[in-house]
2 protein chains.
Amino acid sequence: MSISSRFAVAIHILSLLDINKEGRNTSEFIAGSVNTNPVVIRRVIGLLGKAGLVHTSPGVGGASLARPPREINLLEVYRAVQNDPPGELFAAHDKPNPKCPVGQNIQGTLDTVFKRAESAMENELAKVTLDQIAFDLVRGDR
Amino acid sequence: MSISSRFAVAIHILSLLDINKEGRNTSEFIAGSVNTNPVVIRRVIGLLGKAGLVHTSPGVGGASLARPPREINLLEVYRAVQNDPPGELFAAHDKPNPKCPVGQNIQGTLDTVFKRAESAMENELAKVTLDQIAFDLVRGDR
DNA sequence: ACCACCTGTAACCATTGTAGTTACAATCGT
DNA sequence: ACGATTGTAACTACAATGGTTACAGGTGGT
């Protein structure tokens with residue numbers, strides 16, 4: 001399966017918070033841009049808040065970036081909304097038969113390869129910062 | 001969510017076919033090593049067959065590698081068992097609001113980043129060949 | 001102090017992908 | 001012809017996801 005669209009939604013939200021930092025970013029307003037339900041937005045913002053990427057205030061609050069956008073990279077966002085722990089992008093098959101030479105050692109072998117592939121992907125995400133995304137968005141608008 | 005364990009199972013199967021090329025690799029035998037149901041194995045072998053990685057024969061058949069193991073890399077295996085089409089490791093959120101500057105352009109921006117990350121991962125998989133895996137497995141057995 | 005507005009969260013539902021299982025027709029080698 | 005094995009369909013159970021309704025509680029303006 002693919003990686004949850006929460007990741008895409010999270011980036012959308014953060015971009016909006018950056019670009020529209022003057023306005024009042026209620027979950028309903030954001031939901032209008034993302035085109036989904038406000039509760040979905042609040043859920044994602046909750047995750048981003050726990051990860052320290054946004055500040056939120058209950059009541060009339062609204063959310064805002066907790067850090068300047070050039071200090072937020074997409075890997076952080078990815079980890080914030082992905083509830084699978086790191087190192088588990090690829091699922092292992094459990095309990096291969098230890099009596100078989102293949103079953104006995106496959107876990108470790110696959111683990112190495114899988115970790116390497118996962119890291120390669122994450123490094124690409126880490127290279128991209130939120131302000132680059134925002135810049136791209138605004139430029140595309142011209 | 002994580003990538004289906006079919007991938008791990010597929011690598012297990014192919015390794016077994018390589019290492020045990022003398023024996024008779026029935027789905028039941030393989031299932032014993034992987035520790036799952038024979039039908040699960042046949043399903044994965046079916047996918048590998050469609051992708052041209054293994055030869056299978058109905059009836060008493062059994063399966064065997066269609067190519068030498070050093071000419072099979074893990075990216076091919078990945079694509080064979082992954083039914084999501086390439087370029088969709090990351091799910092986009094659909095129909096963002098086109099009236100919003102963010103919603104209007106986010107798809108394209110994310111697409112670029114997502115494709116880059118996905119490719120980075122796939123390149124790592126492409127680097128690893130089946131004979132490297134098999135070598136690792138046998139070495140680990142000592 | 002009141003009140004409209006908004007957040008945070010729980011609860012529920014429908015959908016989807018996955019893996020395991022049973023069953024069985026078709027096929028092959030002996 | 002027969003026993004073994006494949007290929008596939010059908011069904012079940014389960015987990016993750018995204019959408020939705022509901023509501024308690026906080027916040028700020030007036």
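All figures in this text were calculated on a predicted structure; none of them were measured in a lab. Throughout, a chain's letter reflects where its sequence line sits, starting with A, and its residues are numbered from 1.
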A:His93 atom NE2 is separated from C:dG20 atom C1', nearest whole Å, by 15 Å

A:Gln82 atom CD is separated from D:dA15 atom C1', nearest whole Å, by 15 Å

Task: Test log, rule salt bridge (Lys or Arg N to Asp or Glu O under 4.0 Å), inputs B:Glu124 and B:Lys127 - done: CA-CA 5 Å; B:Glu124 285 300 314; B:Lys127 280 185 200 166; 2.9 Å; yes

Inset, instruction - May I ask you to verify if any side-chain N or O of A:Arg24 is less than 4.0 angstrom from the OP1 or OP2 atom of C:dC6? - result: yes

Q. Do B:Arg79 and B:Glu122 touch side chain to side chain, with heavy atoms closer than 4.5 Å?
A. yes

note: B:Ile3, atom CD1; D:dA16, atom P; distance rounded to Å ~ 16 Å

### Task
Please say whether more than 12 non-hydrogen atoms of neighbouring residues, nucleotides or ligands are located less than 6.0 Å from NZ in A:Lys95.
no

Under 3.5 Å donor-acceptor, A:Lys115 side chain and A:Thr112 backbone: no

Under a 4.0 Å heavy-atom cutoff, the residues of residues 26-36 of chain A touching DNA chain C are A:Thr26, A:Ser27

Margin query: D:dT5, OP1 or OP2 - any side-chain N/O from B:Asn25 closer than 4.0 Å?
Written below: no

(request) Ignoring hydrogens and angles, tell me if any N or O in the side chain of A:Asn97 forms a donor-acceptor pair with the backbone of B:Gly32 under 3.5 Å. (result) yes

Picking from D:dA4, C:dA19, D:dG18, the nucleotide nearest the side-chain atoms of A:Ser5 would be D:dG18

Requested in this report: Mark yes or no for whether B:Arg6, through its side chain, and B:Val81, through its backbone, hold a donor-acceptor pair below 3.5 Å.
Outcome: yes

Report task. Ignoring backbone atoms, test whether A:Ser4 places a side-chain nitrogen or oxygen under 4.0 Å from the OP1 or OP2 oxygen of D:dA16. Result -> no

The correct set of residues in residues 41-58 of chain B placing a heavy atom under 4.0 Å from DNA chain C is B:Arg43, B:Pro58

Considering only heavy side-chain atoms of A:Arg6, the closest of D:dT17, D:dA9, D:dA22 is D:dT17

In whole angstroms, the gap separating C1' of D:dG7 from CG of B:Asn37 amounts to 14 Å

